[in-house]
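Single-structure report; data block below.
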Amino acid sequence: MKVTVVDDDIFATIAATALLAGLPSGGPTLGVATGGTPMRVYAELASRSRRGEVDLSGATVVALDEYVGLDADDPRSYAAYVRTRIADPLGIPSPNVHVPQGDSADPVAAAEAFEQQIAEAAGVDVQIAGIGSNGHLAFNEPGSALDSTTRVVELSEQTRHDNARFFGGRVEDVPRRAITQGLATIGRARSILLLAAGSAKADALAAALCGPVDAAVPASVLQRHADVTVIADRAAWSRMA
Ligand code: PGA
């Protein structure tokens, strides 16, 4: 596992550079997390793209998760996040953008279809991941089986509380269920770039990287992956010393 601890003001630059270094040329497949932490990394990629320094228009983008009940046009959906913050600014056409279908009448079938889609694709070259304050990885909440695949999950109260900021601060508006790639699904990516920023992540990051590999801390499964790079700011790293 490679670790870079950075000052907050260079977090996005360092993360974007690490991401680009891990992508093969041609048509890479980028696995994207959709939380608050990677937003500035995507903004950095978008500005490099505008300046003509990078060309990711041939990339395929695969999301980790989606809220059940939100359609792709809902600005709070991860489909909208991926479209507006990643695919559109980088010039990636919509057929190359894959997000679980949150508004499917049959979310269980939509989850299975997404797992199948990932299995049939060439494979994720670099998976950007965040970590929840409760140690979740994507929407694999504590208790998720380490060998889990894409499925419908119940979101924990902690996660709904943490994500209320994207729903006008109203916890009651945060969906109760999501479709998420499983821990085994995520583990199939060739490399993983784990981003953690802020003191709210410090305990979870320390538990994930230094504690036992255990379903109680889903992100701890990353200890078993052969190619993980962690980029953390000093606050997120503060419990590691
Ligand atoms: P974030 O959280 O919104 O702080 O990036 C990541 C996560 O909950 O997985």
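Computed from heavy atoms alone, side chains included, the values below leave out hydrogens, waters and symmetry copies. Indexing begins at 1, ligand by ligand and atom by atom, following the structure's order. Just so you know, residue 1 is the first one in the sequence shown, and it goes up from there.
Judged by distance alone, with hydrogens and angles left aside, the side-chain atoms of Gln181 form a donor-acceptor pair with the main-chain N or O of Ala63 at under 3.5 Å. For the pair Glu44 (side chain) and Ile14 (backbone), a donor-acceptor distance under 3.5 Å is absent.
Note on residues 170-197: no pairs pass ring pair (Phe, Tyr, Trp, His ring centres under 6.0 Å), not counting sequence neighbours. Applying the side chain to side chain donor-acceptor pair (under 3.5 Å) test to pairs two or more places apart or on separate chains, those with a residue in residues 116-131 are His98-Gln117, Gln116-Glu120, Asp125-Arg190. Screening residues 165-207 for ring pair (Phe, Tyr, Trp, His ring centres under 6.0 Å), with sequence neighbours left out, gives Tyr67-Phe167.
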Can you give me a line-by-line list of nitrogen or oxygen pairs between ligand 1 and the protein shorter than 3.5 Å?
from, atom 1, to, atom 2, distance (Å)
ligand 1, 2 (O), Lys201, NZ, 3.2
ligand 1, 3 (O), Gly36, N, 2.7
ligand 1, 3 (O), Arg165, NH2, 3.0
ligand 1, 4 (O), Thr37, OG1, 3.1
ligand 1, 4 (O), Lys201, NZ, 2.6
ligand 1, 5 (O), Gly36, N, 3.1
ligand 1, 5 (O), Thr37, N, 2.9
ligand 1, 5 (O), Thr37, OG1, 2.7
ligand 1, 8 (O), His136, NE2, 2.7
ligand 1, 9 (O), His136, NE2, 3.1

Inset, instruction - Applying side chain to side chain contact (heavy atoms under 4.5 Å, CB included), run through Asp106 and Gln101 and close with a yes or a no. - result: CA-CA 9 Å; Asp106 186 347; Gln101 193 192 343; over 6 Å; no
